[in-house]
Amino acid sequence: MSSAEDTFQDSSSSSPHPPSSCSSPPPDSHFIGKQKDIVEAGRVTKLVNGCRDVLVLYHQGQLHAMDMCCYHSGGPLQYGDIEEFNGKLCIVCPWHKYKITLAEGEGLYQAVDNPMAKPLKTHWCSKGVKQRIHKVTEVNGDVYVTLNNSSEATESDVYQTERYRTLLLNGQSKRSKR
Ligand code: FES
């Protein structure tokens with residue numbers, strides 16, 4: 001187990017996946033922070049294991065963890081609103097409003113039933129899993145993340161590079177200087 005190396009942002013809000021609760025941290029898990037601090041902040045981002053930018057968020061009594069950068073174009077999900085679509089809690093990317101389920105990392109979109117019909121009728125569809133979701137565990141008030149190391153590629157993997165992280169950090173620091 002190792003501790004998370006970096007934190008670049010907190011904000012406010014809460015999230016839906018129940019963290020598993022154990023008497024000791026799972027093997028290969030990474031310490032994120034104190035549960036009370038994460039609950040208070042609502043959202044915390046960490047570079048985990050020196051290789052993965054992860055967003056941990058608390059919403060409606062539950063903790064969730066996912067890749068921090070949106071699968072579509074790398075948007076900073078830590079600034080997204082959380083809303084329910086089709087019965088599923090989603091984070092809405094602040095850049096182009098893509099909706100990503102907190103539980104599975106699915107991309108959701110609204111399809112039009114018949115473009116000729118008036119008024120238009122739509123229904124929700126899934127693009128499948130696009131954002132990598134990680135496992136959260138709470139142990140005696142400490143929160144840990146176990147990285148999802150599935151070898152199956154997930155679109156959000158594309159933004160887990162040192163180059164992109166630097167770009168994002170530079171953008172954030174420019175924004176904070178304004
Ligand atoms: S970068 Fe997230 S919707 Fe485009």
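Just so you know, residue 1 is the first one in the sequence shown, and it goes up from there. Both ligands and their constituent atoms are indexed starting at 1 by order of listing.
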Q. Relative to atom 4 (Fe) of ligand 1, which of the N, O or S atoms in His72 is the closest?
A. ND1
Q) If you count the atoms of ligand 1 from 1 in the order shown, which ones are under 4.0 Å from a heavy atom of Ser73? A) 1 (S)
Q. Is Asp81 salt-bridged to Lys99, cutoff N-O under 4.0 Å?
A. no
Q: Please could you name the atoms of ligand 1 that Gly75 approaches to less than 4.0 Å, counting only its heavy atoms?
A: 1 (S)
(Q) Can you confirm whether or not the ring centre of Phe85 sits under 6.0 Å from the ring centre of Trp124? (A) yes
Q. Going by distance alone, is a donor N or O of one side chain under 3.5 Å from an acceptor N or O of the other, for Ser126 and Glu106?
A. yes
Q.
Over 60° means perpendicular and under 30° means parallel, so tell me whether Tyr98 and Tyr71 are parallel, tilted or perpendicular.
A. tilted
Q. Which atoms from ligand 1 have a heavy atom of Tyr98 less than 4.0 Å away?
A. 3 (S)
Q: Classify the angle between the aromatic ring planes of His72 and His96 as parallel (below 30°), tilted (30 to 60°) or perpendicular (above 60°).
A: perpendicular
Q | Numbered atoms of ligand 1 (with element) below 4.0 Å of Cys93, judged on heavy atoms | A | 1 (S), 2 (Fe), 3 (S)
**Q.** Modelled atom types, side-chain donor and acceptor of Asn86 and His123, under 3.5 Å
**A.** no
Q | Contact partition for Trp95 relative to ligand 1, non-hydrogen atoms under 4.0 Å | A | side chain
Q. Do any of the N/O/S atoms of His96, backbone or side chain, fall under 2.8 Å from atom 4 (Fe) of ligand 1?
A. yes
